[in-house]
Amino acid sequence: FYQNNIELWGTTGKIVMKRAFTVAPGFAPTVEIEKPDGITSLQLPADNHFQKLLQQFYRSILEQPDWQFAQIEAQSALITAVFEKANQHS
């Protein structure tokens, strides 16, 4: 069955977000931070990711065509660091 969850495990706990992608407009997701001493839940504001995607596409083409390169590089470095850290422990 289809799921769209994110779960990041660390040395002192984990972060869980259920229904992270393709949720209906107006849905307010919850992020859970789980540690040995308990779980903290954070309610995020509702959003419309399809609308945001189209707005970002418009901005990246017509308004600020070069801004995303630094953000893409930073995201790539973060993803690489997560994979490298995960591979150290596997």
Side-chain angles (χ1 to χ4, degrees):
F1 65 97
Y2 175 74
Q3 293 190 28
N4 53 9
N5 305 326
I6 298 173
E7 190 166 313
L8 296 173
W9 289 56
T11 57
T12 62
K14 67 180 179 176
I15 299 171
V16 177
M17 184 171 177
K18 297 178 182 169
R19 297 189 66 191
F21 308 104
T22 64
V23 298
F27 177 78
T30 300
V31 174
E32 293 179 348
I33 302 169
E34 186 175 334
K35 296 182 176 182
D37 61 344
I39 298 174
T40 302
S41 294
L42 304 171
Q43 183 90 32
L44 301 179
D47 204 350
N48 183 333
H49 74 280
F50 289 116
Q51 182 181 35
K52 284 269 177 88
L53 175 86
L54 294 173
Q55 289 171 343
Q56 184 58 40
F57 181 70
Y58 172 85
R59 278 195 302 272
S60 67
I61 291 173
L62 298 178
E63 295 178 1
Q64 302 170 340
D66 296 331
W67 78 267
Q68 69 269 25
F69 295 116
Q71 288 188 356
I72 290 169
E73 288 177 341
Q75 183 179 31
S76 175
L78 177 61
I79 292 169
T80 299
V82 168
F83 278 117
E84 287 173 352
K85 193 72 166 175
N87 288 330
Q88 289 176 358
H89 299 287
S90 58

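Predicted, not measured: the structure shown is a model, and the values here were computed from it.
Rounding to the nearest 0.5 angstrom, the gap separating the OG1 atom in T40 from the NZ atom in K35 is 7.0 Å. Rounding to the nearest 0.5 Å gives a distance of 13.0 Å between CD of E34 and CG of L8. In this structure, L53 CG and Y58 OH are separated by 15.5 Å, a value rounded to the nearest 0.5 Å. Interatomic distance, CD of Q56 versus CD1 of I61, reported as 10.0 Å (0.5 Å rounding). Interatomic distance, CD1 of I39 versus CD1 of I33, reported as 11.0 Å (0.5 Å rounding). Atom CG of L54 is separated from atom NZ of K52 by 12.5 Å, given to the nearest 0.5 angstrom.
The environment of NZ in K14 is crowded: more than 12 heavy-atom neighbours from other residues, nucleotides or ligands sit within 6.0 Å. In the displayed structure, Q55 atom CD is contacted under 6.0 Å by more than 12 heavy atoms of other residues, nucleotides or ligands.
A pairwise comparison of heavy atoms in Q43 and A28 identifies NE2-O, 2.8 Å as the closest pair. Contact detail for S41 and E32: the closest heavy-atom pair is OG-CG, 3.8 Å. Residues P45 and P29 share a closest heavy-atom pair of O-CD, 4.0 Å.
In this structure, V16 and N5 have side chains that are not in contact, with every pair of non-hydrogen atoms separated by 4.5 Å or more.
Using modelled atom types, one side-chain atom of N48 and one backbone atom of F50 make a donor-acceptor pair closer than 3.5 Å. A donor-acceptor pair under 3.5 Å links the side-chain atoms of T80 to the main chain of S76, judged by distance alone.
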